Amino acid sequence: MLIRRPNALKSSEITPEPLYLDRRAWLAAAGALAVGAFAKNAPAQDPQPVGKPYGLQPDDKPTPWTDVTTYNNFYEFGTDKSDPARYAKDFKTSPWTITVDGLAGKPGKYLLEDFIKPSTVEDRIYRHRCVEAWSMVVPWRGIPLADVIKRAEPMANAKYVAFTTLMDQKQMPGQQLGVLDWPYTEGLRLDEAQHPLALLAVGVYGRTLPNQNGAPMRLVVPWKYGFKGIKSIVKMTFTDKQPKTAWNISAPNEYGFYSNVNPAVDHPRWSQAKERRIGDFLRRPTLSFNGYSDQVASLYAGMDLKKNF
Ligand SMILES: Nc1nc2c(c(=O)[nH]1)N[C@H]1C(S)=C(S)[C@@H](COP(=O)(O)O)O[C@H]1N2
Ligand SMILES: [Mo]
């Protein structure tokens with residue numbers, strides 16, 4: 001008997017975009033089957049990257065699926081890079097509600113299915129740079145954050161948007177420890193958030209987002225360090241004050257509000273001039289704004305980015 005495993009299918013054979021949420025349940029079932037029946041004798045076949053490249057350099061190749069989904073930072077599930085893939089397996093992401101509040105004309109509680117309009121879902125391959133000086137190239141699937149912001153109708157005095165991760169100490173055992181000020185929070189200036197590169201991701205490699213990558217919805221801001229990419233978002237708040245962010249609260253001298261990738265500004269404990277691309281041996285130079293200067297530098301015209309790190 002030969003059962004085709006989901007990762008043996010080409011993306012074109014997989015259900016059409018509007019059904020991606022159902023596909024999640026299907027993939028979970030198929031995944032369970034595959035583990036039970038095939039884990040011992042079938043070599044894992046990674047999915048092919050899908051999407052339009054954004055800001056990639058000639059030597060940027062998508063980081064393999066296995067690295068993207070097993071080398072993660074998601075402190076709610078542990079501080080080791082391998083913890084999230086191990087301990088987020090049973091994390092419940094459906095039903096999922098997102099609250100929009102603060103200075104918005106359309107505040108409210110929305111089901112994920114209503115929040116993410118399937119017709120606006122796109123696949124985009126982005127560079128991904130962590131402040132710990134490693135990097136990847138990731139084929140995300142998501143919708144422009146600007147679309148969601150437009151629908152929320154921010155008021156004229158709204159200057160920032162703040163994001164909050166789910167608080168659930170039972171499901172997220174890391175929240176029982178004092179590593180960060182839980183729940184995890186992040187924020188962007190409204191013009192940064194409305195930049196067309198800012199994405200709310202619901203998938204990776206053409207598949208529904210694995211829990212360890214921030215299911216069911218996480219932020220992706222490719223010109224900033226990875227920690228700005230807050231995972232498992234339950235709330236978006238429009239505000240006129242610069243929001244507090246989890247890493248800035250924990251170490252204000254190490255992590256600022258802007259957190260733009262900047263090879264010229266060292267982290268107090270290490271240099272940001274180079275990075276190790278996951279899978280590579282030699283380190284490579286880090287690019288300003290992670291290679292997206294042409295698109296985003298104008299957002300910071302006149303600002304001292306050494307002070308506003
Ligand atoms: N809620 C939450 N979001 C988070 C984190 C976290 O610990 N908790 N870690 C951040 C950091 S430091 C990085 S580098 C990215 C990693 O995303 P990835 O695992 O999909 O590569 O997630 C960010 N988002
Ligand atoms: Mo990070």
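Side chains included, hydrogens not; waters and symmetry mates left out as well; all remaining heavy atoms used. Not measured: the values here are computed from a predicted model. Ligands are counted one by one from 1 in listed order, and the atoms in each one are counted from 1 as well.
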Quiz prompt | Residue and atom name of the nearest protein heavy atom (relative to atom 8 (N) of ligand 1), distance in Å to one decimal | solution = E76 OE1, 2.8 Å
Quiz item: Going by the angle between their ring planes, with limits at 30° and 60°, are F227 and Y225 parallel, tilted or perpendicular?
Solution: parallel
Quiz item: Do any pairs count as a ring-ring contact (aromatic ring centres under 6.0 Å, His included) and have a residue in residues 263-288, sequence neighbours left out, and if so which ones?
Solution: Y255-H267, H267-W270
Quiz item: Which ligand 1 atoms are under 4.0 Å away from a heavy-atom of W140?
Solution: 20 (O)
Quiz item: Taking only heavy atoms of T165, which atoms of ligand 1 are found under 4.0 Å from at least one of them?
Solution: 1 (N)
Quiz item: Taking all atoms of both residues into account, what is the closest heavy-atom pair of I149 and Q194, and its distance?
Solution: CG2-NE2, 3.9 Å
Quiz prompt | H128 touching ligand 1 at heavy-atom level, < 4.0 angstrom | solution = yes
Exercise. Assess M136 for proximity to ligand 1: is some non-hydrogen atom of it under 4.0 Å away?
Key: no
Quiz item: Is L190 linked to M155 within one hydrophobic cluster, defined over Ile, Leu, Val, Met, Phe, Trp and Tyr using a side-chain heavy-atom separation of less than 4.5 Å?
Solution: yes
Quiz prompt | Option nearest atom 19 (O) of ligand 1 (shortest heavy-atom distance, choices R129, K228, K231, Q212) | solution = K231
Exercise. Using the six-membered ring wherever Trp is involved, compare the ring planes of Y300 and F289 and label them parallel, tilted or perpendicular (cut-offs 30° and 60°).
Key: parallel
Quiz item: Considering only protein heavy atoms, which is closest to atom 9 (N) of ligand 1, and at what distance to one decimal place?
Solution: N73 O, 3.2 Å
Self-check item: Q48 atom CD: more than 12 heavy-atom contacts under 6.0 Å
Solution: no
Self-check item: Identity and separation of the nearest protein heavy atom to atom 15 (C) of ligand 1
Solution: G226 O, 3.4 Å
Exercise. Identify, by atom number and element, the atoms of ligand 1 in contact range of C130, meaning under 4.0 Å from any of its heavy atoms.
Key: 14 (S)
Quiz item: Tell me, which protein residue and heavy-atom name are nearest atom 17 (O) of ligand 1, and how many Å apart are they?
Solution: R218 NH2, 3.1 Å
Quiz item: What ring-ring contact (aromatic ring centres under 6.0 Å, His included) pairs are there with at least one residue in residues 154-179, not counting sequence neighbours?
Solution: Y160-F257
Quiz item: Given F74, Y184, Y75, Y255, which has its nearest heavy atom closest to atom 10 (C) of ligand 1?
Solution: Y184
Quiz item: Is the shortest side-chain N to carboxylate O distance from D59 to R284 below 4.0 Å?
Solution: yes
Quiz item: With a 4.0 Å cut-off on heavy atoms, is G229 touching ligand 1?
Solution: yes
Quiz item: Under 6.0 Å between the ring centres of Y71 and W134?
Solution: yes
Quiz item: Just which atoms of ligand 1 are under 4.0 Å from any heavy atom in I230?
Solution: 3 (N), 24 (N)
Quiz item: Do any nitrogen or oxygen atoms of W134 come within less than 3.5 Å of a nitrogen or oxygen of ligand 1?
Solution: no
